[in-house]
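By convention in this document, chain letters (A, B, ...) are assigned in the order of the sequence lines, proteins followed by strands, and residues within each chain are numbered from 1. Scope of the values below: all heavy atoms of this structure, side chains included, with no hydrogens, waters or symmetry mates.
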Amino acid sequence: MDWASIQTVVWTLVKILALVVPLMLGVAYLTYAERKVIGWMQVRIGPNRVGPLGLVQPIADGLKLLMKEIIIPAGANRGLFILGPILAIAPALAAWAVIPFTDTLVLANIDAGLLYVLAITSMGVYGVIIAGWASNSKYAFLGAMRSAAQMVSYEIAMGFALVGVLMAAQSLNLVDIVKGQAGGFWHWYFIPLFPLFLVYLIAGVAETNRAPFDVAEGESEIVAGFHVEYSGMAFAVFFLAEYANMILVSALTTLLFLGGWLSPLPFLPDGILWWLLKTGFVLFLFLWFRATFPRYRYDQIMRLGWKVFIPITIVWIVVVGAMMQTPYGHLFH
Amino acid sequence: MTYTTAIFYFFSAILVFAGLRVITARNPVYAALYLVLAFFTAAGLWMLLEAEFLAIVLVLVYVGAVMVLFLFVVMMLDINLDRLREGFWKYLPLAGLVSVLLMIEMALILGGRYFGLEVMGTPSPQPADYSNTRALGRLLYTDYVYAFELAAVILLVAIVAAIALALRRRKDSKFIDPAEQVKVKRDERLRIVKMAPVKREEWGARGEESKP
């Protein structure tokens, strides 16, 4: 290897660090925001002891989990038990490689970005399944089975929702998809693709195993689901993965349906601030859902995924395809 | 050795190792996990061949969906490893025949220059802005549209057949259709009974009697 390629590799590693460190900070403060927001919704105060307004709380939590012992159960499969959390977090971070923050600020502007994100996030389920199986515990195994079936089902609806977006944008490149929504909020895809937007948002909640779809860890039935046997940092890694996935789904919703870094009104300047605001709003929806809805029953989750969402998406794809052939086609671009 | 060649050998070594472990691992769950690794590495190799659409779809479909369901089944089964080994010698001749066929096919491809495959020529590298997905999509929906539609119909028939084979309605099932549940009226579930008021003393006396 020559000097130039070594430089490229080092520079890419620096950029990856510049992406992952703020992401991990974001994850830490998302847990804080979650506890505060849900606290206020339930007329409580939330964390307020560690530091001013409890702002150092996530750091304290992280340190506590780092100090704790990682217990590997006697009957567990040692190698896979440790592989589980790693496989959970790796896709959650790898998918961020193609997420654009502005039209120039993106780690890898690849042509099939949308497909890449879909493929990488579909691997996140392995962490859950392997963790559940390797724990050698009934509760963990049941959680893993539930989560596997749920994630595979909702991925289909999610994929079909994305088909609608790529029909409208006529591109799989995330930067091009955002550029296709230029010119004020009435050009954003959430208006012509409104049913797909709703399906994507809800399937995103199900895909990240968040309330009200958190049956994978339903504590009232199966204790804590797939991570019941995990402790210390191994347990924390599952949480990091879950929250990183939450931010990822919010960022994708922002990019695909809410215009990414574009400003809602044409005369305002575009910028990363809009991206952060919109992603923050979608994240707030996640927390709001958790504080509002009781957990779904498992068979009803499956029904919603297969018998409601998939038909809706298929019908709307046909509608978009048909409308594009009419004189009103420009409304769907 | 260029960087690309190094990557190729790295991926190939992992692929061969994972492939070997798929057939040698005793535990079926391990075998399935090694198959996942093999698919993922193969996707990496396809990426080197500039077939990024196929590579990503391989990960999306096989790693993300098919193998998940496969693992799902393998984990649920209680497999007796000794019974799996029973038919080993009986099936060996058939397996040998299949592997010889596979080897001949591979030799035909890998030793292409002895069989005049050179006339095909190596594909020229595409520019960076070339969209593999767009090219494939255009071909599938224009030149090969009938074959594509035919494949789709065959798959649809397979789906319908699988559902038809597995669908059984149990008479004693307690499943409730949520649509019916939502439509229910108060009169169907609730009966208001008018009762004459009862005096308190009588209540107390009755309560004493019914004490165990």
Side-chain angles (χ1 to χ4, degrees), chain A residues 1-2 5-6 8-9 77 79-80 83 87 91 94 98 109-126 128-130 132-134 141-142 144-153 155-156 158-159 162 166-167 170-173 176 296-297 299-300 303-304 307-308, chain B residues 1-7 27-30 32-34 36-37 39-40 43 47 50-76 126-137 141 163 173-179 181-182:
Chain A
M1 264 200 277
D2 54 353
S5 52
I6 292 174
T8 321
V9 170
N77 187 322
L80 289 185
L83 188 67
L87 275 187
V98 297
N109 186 5
I110 66 171
D111 196 58
L114 194 59
L115 265 181
Y116 169 85
V117 169
L118 206 59
I120 289 294
T121 50
S122 73
M123 290 183 52
V125 66
Y126 280 102
V128 175
I129 300 184
I130 289 175
W133 186 76
F141 188 59
L142 282 172
M145 293 287 110
R146 285 180 175 196
S147 152
Q150 177 184 331
M151 285 170 97
V152 170
S153 317
E155 226 163 63
I156 300 173
M158 218 169 175
L162 297 185
L166 75 92
M167 281 169 81
Q170 300 188 337
S171 170
L172 279 168
N173 184 311
D176 289 346
Y296 254 88
R297 210 173 69 199
D299 60 317
Q300 292 179 342
R303 177 179 164 273
L304 185 70
K307 295 189 182 171
V308 180
Chain B
M1 194 155 63
T2 62
Y3 187 54
T4 328
T5 328
I7 291 182
N27 191 331
V29 174
Y30 276 124
L33 286 174
Y34 275 114
V36 171
L37 180 61
F39 278 139
F40 196 75
M47 203 69 102
E50 298 184 359
E52 75 266 10
F53 178 76
L54 288 179
I56 294 175
V57 166
L58 180 72
V59 173
L60 181 61
V61 175
Y62 280 88
V63 177
V66 173
M67 285 314 292
V68 172
L69 297 178
F70 213 83
L71 260 183
F72 193 91
V73 174
V74 168
M75 284 176 175
M76 298 272 258
Q126 302 289 350
D129 60 338
Y130 172 74
S131 173
N132 198 297
T133 319
R134 196 180 289 270
L136 258 177
Y141 284 100
I163 294 174
S173 166
K174 288 184 177 158
F175 177 77
I176 304 163
D177 186 6
Q181 239 170 342
V182 172

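The minimum heavy-atom distance linking B:Thr133 with A:Ala112 is given by the pair OG1-CB, 4.3 Å. Considering all non-hydrogen atoms of both residues, A:Ala148 and B:Val68 come closest at CB-CG1, 4.1 Å. Nearest heavy atom pair, residue B:Phe40 against residue A:Met123, reads CE1-SD, 3.3 Å. B:Gly64 and A:Val152 make their closest contact through O-CG2, 4.3 Å (heavy atoms, listed as atom of the first residue, atom of the second, distance). Taking both residues in full, the closest heavy atoms of B:Met67 and A:Tyr126 are given as CB-OH, 3.0 Å, listed atom of the first, atom of the second, then distance.
Residues passing the salt bridge (Lys or Arg N to Asp or Glu O under 4.0 Å) test with B:Arg134: none are found, sequence neighbours excluded. Under the rule for a side chain to side chain contact (heavy atoms under 4.5 Å, CB included), the partners of B:Val57 that lie at least two apart in sequence or sit in another chain are B:Phe53, B:Val61.
Within the 4.5 angstrom heavy-atom criterion, atoms from both the backbone and the side chain of A:Ile129 approach chain B. Within the 4.5 angstrom heavy-atom criterion, atoms from both the backbone and the side chain of B:Ile56 approach chain A. Both the backbone and the side chain of A:Ala149 come within less than 4.5 Å of a heavy atom in chain B. Residue A:Asn173: no heavy atom, backbone or side chain, is found under 4.5 Å from chain B. With a 4.5 angstrom heavy-atom cutoff, A:Leu80 touches chain B only via side-chain atoms.
When the shell of 6.0 Å around CZ of B:Phe70 is examined, it contains 12 or fewer heavy atoms from other residues, nucleotides or ligands. The environment of B:Tyr62 atom OH is sparse: at most 12 non-hydrogen atoms of other residues, nucleotides or ligands sit within 6.0 angstrom.
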Checking A:Tyr116 against B:Glu52 for the side chain to side chain contact (heavy atoms under 4.5 Å, CB included) test, could you report, in this order, the C-alpha distance in whole Å, the side-chain angles of both residues, the deciding distance, and whether it holds? CA-CA 9 Å; A:Tyr116 169 85; B:Glu52 75 266 10; over 6 Å; no
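Looking only at side-chain heavy atoms (C-beta outward), B:Leu33 and A:Trp133 stay at 4.5 Å or farther from each other.
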